[in-house]
Amino acid sequence: MKPRILKGFRDYLPMEMATRERIVDVLRDVFTKFGYLPLETPALEYEETLFGELGVDANKQIYRFRDLENNDIGLRFDLTVSLARVVAQYRNELVFPFRRWQIGKVWRYDKPKKGRLREFTQFDADIVGIDSVAADVEIIELLYDSFLRMGVEDFVIRINNRKLLSFLISFLEIKDEPIRVFRVLDKLEKVGRKPVKNELMGLEKKQAFDSAFETDAAMTLSEEQADLLLDFTGIEGNFNAVEEMLCDYFSVGTDCTECPGLREVFETLSFLRAREMNEKHLKWDLSLARGLDYYTGTVFEVILADKSAYGSVAGGGRYDNLVERFSNSRLPGVGVAVGIDRLIMALNSDKAGTPEPRDAVFIPFFERDLVAQYAKLAAELREKGIVAEIYPSCDASLGKQLKYADRAGFPLALIIGGNELARGIVNIKRLWTDFDAADKEIDAARGDIMDAVKSELFRFRKFKDSQRQ
RNA sequence: GGGGAAGUAGCUCAGAUGGUUAGAGCGCUGGUCUGUGGAACCAGAGGUCGUGGGUUCGACCCCCACCUUCCCUACCA
């Protein structure tokens with residue numbers, strides 16, 4: 001049988017796991033420090049739990065099957081719907097505001113391509129039970145912190161608010177379905193102003209309107225409406241500039257009360273400014289709408305400026321009605337999902353082929369009779385928290401064992417043969433240095449071996465860091 | 001979902017207008033070298049040429065279908 005893997009699914013080999021774990025560690029650490037609690041839920045849910053708020057397109061992408069007891073089951077599409085279920089189900093046991101993070105695989109029956117898989121891992125974090133945009137801003141701040149800590153250079157968090165867009169649409173007396181208008185606007189950055197304007201006015205019928213809407217009738221904005229709408233989405237700049245231009249556009253002050261959406265935006269901006277984040281990573285983008293139907297207020301996404309072809313590597317927003325599907329209690333929420341696999345692919349750091357150098361020590365099984373020596377040395381190292389591996393056979397030549405150690409990415413080999421044993425020393429071989437490096441191997445007294453290994457590993461780590469630049 | 005391109009060794013690819021037994025580089029395995037990894041040299045393994053059908057005396061090459069992958073587009077993480 002040929003070994004095969006499902007389309008849109010992938011394996012992660014050991015050497016590809018290093019960056020993955022680094023990224024997950026950062027996210028887990030940052031969110032935990034802000035008080036978020038871990039949660040885990042099943043990968044399978046009843047179909048009826050999954051269906052509904054996602055939107056027509058998304059519902060079609062749910063993996064589903066009927067089990068042997070005739071239940072209609074689906075694989076989770078994201079982690080947010082399961083969170084809503086959990087929050088509703090345990091609402092009397094949980095403490096609100098409830099902050100939680102969760103990492104897990106999700107499945108979408110979509111057409112796979114570069115940066116998009118059918119099975120992928122999301123890191124998801126949410127705050128449930130709070131209305132205030134202070135919560136929205138906290139999530140954004142956490143994203144900002146996380147990406148900085150991961151060492152990602154060119155990330156940009158785009159932010160907008162759906163209430164503002166809805167307000168604008170009624171303000172301009174536009175009759176078309178708001179979500180449809182959002183989606184057309186959403187591609188402004190990609191295709192430019194002219195095509196978008198034509199599409200809004202129904203001059204250019206996009207065949208792309210296939211599945212998402214029952215109707216693919218042309219849109220009906222007047223030229224004046226389209227222009228005003230596009231002028232509006234053209235508003236950009238730093239937070240102060242955006243605020244000023246919004247006041248101008250609607251002829252209001254920042255204390256305006258007639259439009260909740262607008263006031264929410266002003267409040268969000270003021271909270272954002274209070275966080276002292278570098279604005280080069282943040283962009284209020286009035287064309288951003290996001291595709292999922294359940295978002296009701298703030299929406300945001302993270303893109304990597306130089307890797308925009310991969311799409312967003314994280315996305316989220318406020319969903320005030322999601323929990324109401326399961327419970328009468330009103331539990332608004334805001335959250336974000338980070339696409340771990342896509343992030344790794346976009347960072348292009350999952351280079352296969354060479355194993356990531358490890359902080360690990362290799363002990364050749366050199367002489368059959370010295371097996372107790374090797375075992376003891378390895379045990380001492382592990383006791384000190386150092387990964388130590390003994391070659392699992394004494395039949396291979398020393399050269400062959402060292403070749404293995406080299407290819408497996410060990411920086412150090414600790415060699416003990418008859419000579420070393422007699423002299424009470426250990427021969428330390430630096431496998432990470434260049435071929436013709438001066439001191440490729442050094443001897444350390446058996447009694448000093450722990451300190452010697454530690455300083456050798458330190459030296460290696462320093463070298464590795466300098467390589468990273 | 002819509003449009004385009006391509007599938008030959010583990011990887012990157014050669015293979016004139018159809019003609020015996022399908023090649024290279026890298027990688028892999030072994031040896032030169034049972035007390036020292038990367039280099040060099042030598043040898044070896046590895047292919048139903050994506051799959052199935054058709055045209056032909058004869059197909060890796062031409063035709064059709066399917067499968068898979070990649071690019072553009074729509075959408076998402």
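Below, chains carry the letters A, B, ... as their sequence lines are ordered, and counting in each starts from 1.
Base engagement by A/Gly417 is indicated by at least one non-hydrogen atom pair under 4.0 Å involving a base atom. Residue contacts for A/Ile340: at a heavy-atom cut-off of 4.0 Å it reaches no nucleic acid atom on any strand shown. Residue A/Arg368 is out of contact with every strand shown, counting any heavy-atom pair closer than 4.0 Å. In this structure, A/Tyr404 reaches neither bases nor backbone, as no heavy-atom distance under 4.0 Å exists between it and the strands shown. Heavy atoms of A/Gly311 sit under 4.0 angstrom from at least one base atom. As judged by a 4.0 angstrom heavy-atom cut-off over every strand, A/Thr433 is placed among the base-contacting residues. In this structure, A/Ala405 reaches neither bases nor backbone, as no heavy-atom distance under 4.0 Å exists between it and the strands shown.
Rounded to whole Å, the P atom of B/rC71 lies 23 Å from the corresponding atom of B/rC66. Rounded to the nearest Å, the gap between the C1' atom of B/rG10 and that of B/rC72 is 30 Å. Nucleotides B/rA16 and B/rC61 have their C1' atoms positioned 11 Å apart, rounded to a whole Å. Nucleotides B/rA65 and B/rG27, compared at atom P, are 42 Å apart to the nearest Å. As rounded to the nearest Å, B/rG15 and B/rG47 have C1' atoms that lie 14 Å from one another. B/rC70 and B/rC11: their P atoms are spaced 14 Å apart (whole Å).
Of the candidate nucleotides B/rG37, B/rG35, B/rU34, B/rG35 has the atom lying nearest to any side-chain atom of A/Asn419. Comparing B/rG37, B/rU34, B/rG35 against the side chain of A/Glu420 picks out B/rG35 as the nearest.
Between the side chains of A/Tyr144 and A/Asn278, no donor-acceptor pair of N or O atoms lies under 3.5 Å.
Rounded to an integer number of Å, the gap from CD1 of A/Ile415 to P of B/rU36 is 10 Å. One interatomic measurement links the two molecules: CD of A/Glu441 to C1' of B/rG35, which rounds to 10 Å at whole-angstrom precision.
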Distances for protein N/O vs nucleotides 66-71 of chain B N/O pairs under 3.5 angstrom?
unit_1, atom_1, unit_2, atom_2, d
B/rC71, OP1, A/Lys114, NZ, 3.2

Under 3.5 Å, which protein N or O atoms sit close to an N or O of nucleotides 30-33 of chain B? Give each pair with its distance.
unit_1, atom_1, unit_2, atom_2, d
B/rG30, OP1, A/Lys400, NZ, 2.6

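Counting only Watson-Crick and G-U wobble pairs whose two distances sit under 3.5 Å, RNA chain B takes part in these stems of three or more pairs: B:1-7 with B:67-73, B:10-13 with B:23-26, B:28-32 with B:40-44, B:50-54 with B:62-66.
Considering only side-chain N and O atoms, A/Arg407 lies under 4.0 angstrom from the phosphate OP1 or OP2 of B/rC28.
Between the side chain of A/Asn427 and the base of B/rG35, no donor-acceptor pair of N or O atoms lies under 3.5 Å. Residue A/Lys440 places a side-chain atom within donor-acceptor reach of the base of B/rG38, judged by atom type and a 3.5 Å distance cut-off alone.
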